[in-house]
Amino acid sequence: MDTNALMMPVELDVRVFDELDRLFGTPDLVTPRAVLDELEKLAAGSNGQEGVAASVGSDLASRHCRVVETDASYADDAIVELADRGECDCVVTNDRPLQDRLLERDVRVVGVRGRNTLAVTEP
């Protein structure tokens with residue numbers, strides 16, 4: 001799961017974990033340490049909805065995701081590293097450039113479709 005996926009519950013009113021359960025049963029959710037670091041920076045440095053969304057996202061990641069260490073310190077690069085290492089079957093993100101990078105590597109992408117549902121895009 002990337003940063004914006006973990007912020008979806010506040011920013012887009014998407015019940016991300018319910019949607020993932022609907023799509024995959026009970027998935028093993030992972031997120032790189034770099035995503036948590038990014039969420040913490042956003043929560044500390046942002047006012048309003050973005051700060052709240054980042055704070056909620058950090059809490060959700062701590063409760064629902066297994067945090068994985070990577071060599072990359074930039075969140076998107078860390079996610080690509082996990083995909084390249086085969087540590088994820090798909091990635092939840094709405095970040096279009098990241099989606100393109102993942103699809104080029106034959107990694108499925110889960111993103112928002114419609115108002116508040118998630119759908120899988122196959123490579």
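How far CZ of Phe17 is from CE of Met1: 4.5 Å, rounded to the nearest 0.5 Å. Atom NE2 of His64 is separated from atom CG of Leu29 by 8.5 Å, given to the nearest 0.5 angstrom. For the atom pair Leu102 CG and Asp76 CG, the distance stands at 8.5 Å (nearest 0.5 Å). Going from atom CG of Asp37 over to atom OH of Tyr74 covers 14.0 Å, rounded to the nearest 0.5 Å. Here Asn4 contributes atom CG and Glu11 contributes atom CD; the two are 7.5 Å apart, rounded to the nearest 0.5 Å. The CD atom of Glu81 sits 4.5 Å away from atom CG of Asp71, with the distance rounded to the nearest 0.5 Å.
By the 6.0 Å contact criterion, CZ on Arg113 is enclosed, its count of non-hydrogen atoms from other residues, nucleotides or ligands being greater than 12. The environment of Asp100 atom CG is dense: over 12 non-hydrogen atoms of other residues, nucleotides or ligands sit within 6.0 angstrom. Heavy-atom contacts from other residues, nucleotides or ligands closer than 6.0 Å to CZ of Arg115 number 12 or fewer.
Taking hydrophobic clusters as Ile, Leu, Val, Met, Phe, Trp and Tyr residues chained together by side-chain heavy-atom distances below 4.5 Å, Val30 does not share a cluster with Val67. Transitive grouping of hydrophobic side chains (ILVMFWY, heavy atoms separated by less than 4.5 Å) keeps Leu82 and Leu20 in distinct clusters. By the rule that hydrophobic residues join a cluster once side-chain heavy atoms approach within less than 4.5 Å of another member, Leu39 and Leu12 end up as members of one cluster.
Between Leu42 and Thr3 the shortest heavy-atom distance is CD1-CG2, 4.0 Å. Taking both residues in full, the closest heavy atoms of Leu60 and Leu6 are given as CD1-O, 4.1 Å, listed atom of the first, atom of the second, then distance. Pairing each heavy atom of Ser55 with each of Ala43, the nearest pair is N-CB, 3.8 Å. Closest approach of Arg85 to Val68, counting heavy atoms only: NH2-CG1, 3.5 Å. Residues Met7 and Ala53 share a closest heavy-atom pair of CG-O, 3.6 Å. Here the closest heavy-atom approach between residue Val16 and residue Pro9 is recorded as CG2-CD, 3.8 Å.
Here Lys41 does not pair with Glu38 in a salt bridge; the nearest charged N to carboxylate O distance is not below 4.0 Å.
Looking only at side-chain heavy atoms (C-beta outward), Thr93 and Val109 come within less than 4.5 Å of each other. Here the side chains of Asp89 and Phe24 are not in contact, with every heavy-atom distance at 4.5 Å or above. Thr121 is not listed as a side-chain neighbour of Gln99, based on a closest heavy-atom distance of 4.5 Å or more. Looking only at side-chain heavy atoms (C-beta outward), Asp2 and Leu98 come within less than 4.5 Å of each other. For the pair Val52 and Glu50, the minimum side-chain heavy-atom distance is 4.5 Å or more.
Under the 3.5 Å distance criterion, the side-chain polar atoms of Glu19 are matched with a main-chain donor or acceptor of Leu118. No donor-acceptor distance shorter than 3.5 angstrom exists from the side chain of Glu69 to the backbone of Pro32, with no hydrogens or angles considered. In this structure a side-chain-to-backbone donor-acceptor pair under 3.5 Å is missing from Ser58 to Ala54.
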| field | Residue pair Arg101, Asp84: steps toward the salt bridge (charged side-chain N to carboxylate O under 4.0 Å, His left out) verdict | value | CA-CA 11 Å; Arg101 288 175 69 187; Asp84 287 346; over 6 Å; no
| request: Might you work through the side chain to side chain contact (heavy atoms under 4.5 Å, CB included) test for Thr117 and Arg22, ending with a clear yes or no? | output: CA-CA 10 Å; Thr117 60; Arg22 178 183 63 81; 4.2 Å; yes
